[in-house]
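Take a look at the structure below.
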Amino acid sequence: QVQLVESGGGSVQAGGSLRLSCAASGFTGSNNCMGWFRQAPGQERERVATIVIGGSGGGRTHYADSVKGRFTISQDNAKNTLYLQMNSLKTEDTAMYYCAADVPWYEVCWSNDYNYWGQGTQVTVSS
């Protein structure tokens, strides 16, 4: 059974940084995907960043235009943990952030079609 547990959210002033973590258990996929998504109140869920896990494309990343140059997704295989380093945070980054893992074989990482989701961690950026 796959479990994803996010941590690291909190409140920060604009311009600050946070690092989100996602501890994954029961997920040892190779040539698969993990990603970070976010959802602000009243808005649709938004893809933030994805990463290829293992395989020939392992480590390849993709970012939403809104976070490019500010956020970095990474993975520690030994700890089975996914990270999202968020720098130069803006008020518009305020949202619940979710970790996701495992897409169907016919999907690419940069999709919404993930099979497993964490419970989310709140990020609030104030001006």
Side-chain angles (χ1 to χ4, degrees):
Q1 183 178 356
V2 175
Q3 282 193 319
L4 305 174
V5 180
E6 302 97 334
S7 61
S11 297
V12 64
Q13 286 196 320
S17 298
L18 284 173
R19 188 176 81 155
L20 305 184
S21 299
C22 172
S25 59
F27 177 67
T28 57
S30 179
N31 201 25
N32 208 309
C33 307
M34 294 189 76
W36 288 98
F37 293 71
R38 66 186 181 187
Q39 188 168 22
Q43 296 187 22
E44 293 189 355
R45 187 174 58 195
E46 175 190 17
R47 285 191 300 266
V48 176
T50 61
I51 187 168
V52 178
I53 306 300
S56 60
R60 188 165 65 237
T61 58
H62 197 116
Y63 296 92
D65 288 343
S66 58
V67 306
K68 276 181 184 175
R70 301 188 298 120
F71 290 11
T72 303
I73 187 172
S74 63
Q75 189 217 12
D76 186 329
N77 283 326
K79 296 182 179 179
N80 222 18
T81 301
L82 182 73
Y83 300 100
L84 185 68
Q85 178 66 43
M86 306 186 295
N87 299 328
S88 302
L89 281 161
K90 304 176 180 180
T91 55
E92 52 263 44
D93 294 319
T94 295
M96 184 71 79
Y97 283 71
Y98 297 91
C99 169
D102 189 36
V103 298
W105 64 269
Y106 49 82
E107 277 286 7
V108 296
C109 291
W110 193 245
S111 79
N112 292 330
D113 198 10
Y114 280 73
N115 290 316
Y116 303 105
W117 295 84
Q119 83 290 348
T121 185
Q122 178 68 38
V123 171
T124 302
V125 184
S126 58
S127 58

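Note that this is a predicted model, so its numbers are computed, not measured.
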- Message: Please determine whether the number of non-hydrogen atoms from other residues, nucleotides or ligands lying under 6.0 Å from atom CD of Glu92 exceeds 12.
- Response: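 More than 12 within 6.0 Å, yes.
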- Is the shortest side-chain N to carboxylate O distance from Asp93 to Lys90 below 4.0 Å? no
Would [X] and [Y] show up in the same hydrophobic cluster when neighbours are defined by side-chain heavy atoms closer than 4.5 Å?
X	Y	answer
Trp117	Tyr83	no
Met34	Tyr63	yes
Phe37	Tyr97	no
Ile51	Val2	yes

For a 4.5 angstrom cut-off between non-hydrogen side-chain atoms, does [X] reach [Y]?
X	Y	result
Ser21	Thr81	yes
Leu4	Tyr114	no
Arg60	Cys109	no
Val67	Met86	no
Val108	Val103	no

Mind checking the [atom1]-[atom2] spacing from [X] to [Y]? Nearest 0.5 Å is all I need.
X	Y	atom1	atom2	answer
Arg38	Met96	CZ	CE	14.0 Å
Ile53	Asn32	CD1	CG	8.0 Å
Cys99	Gln3	SG	CD	12.0 Å
Gln75	Leu84	CD	CG	13.5 Å
Glu6	Leu82	CD	CG	9.5 Å

- Over all atoms of both residues, closest heavy-atom pair of Ala95 and Gln122: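 Smallest interatomic distance, heavy atoms only, reads O-NE2, 3.4 Å.
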- Task: Looking only at non-hydrogen atoms, find the nearest pair between Ser111 and Arg47 and report the distance.
- Result: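 Closest pair (atom of Ser111, atom of Arg47, distance): O-CD, 3.2 Å.
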Just list the side-chain donor-acceptor pairs under 3.5 Å for residues 9-20, sequence neighbours left out, or say none.
residue : atom : partner : partner atom : Å
Ser17   : OG   : Asn87   : OD1          : 2.9

- Task: List the steps, then state whether side-chain contact (heavy atoms from CB on, under 4.5 Å) holds for Ser66 with Glu46.
- Result: CA-CA 10 Å; Ser66 58; Glu46 175 190 17; 3.4 Å; yes
- Message: Quick check on the 6.0 Å ring-centre criterion: do Phe71 and Trp36 meet it?
- Response: no
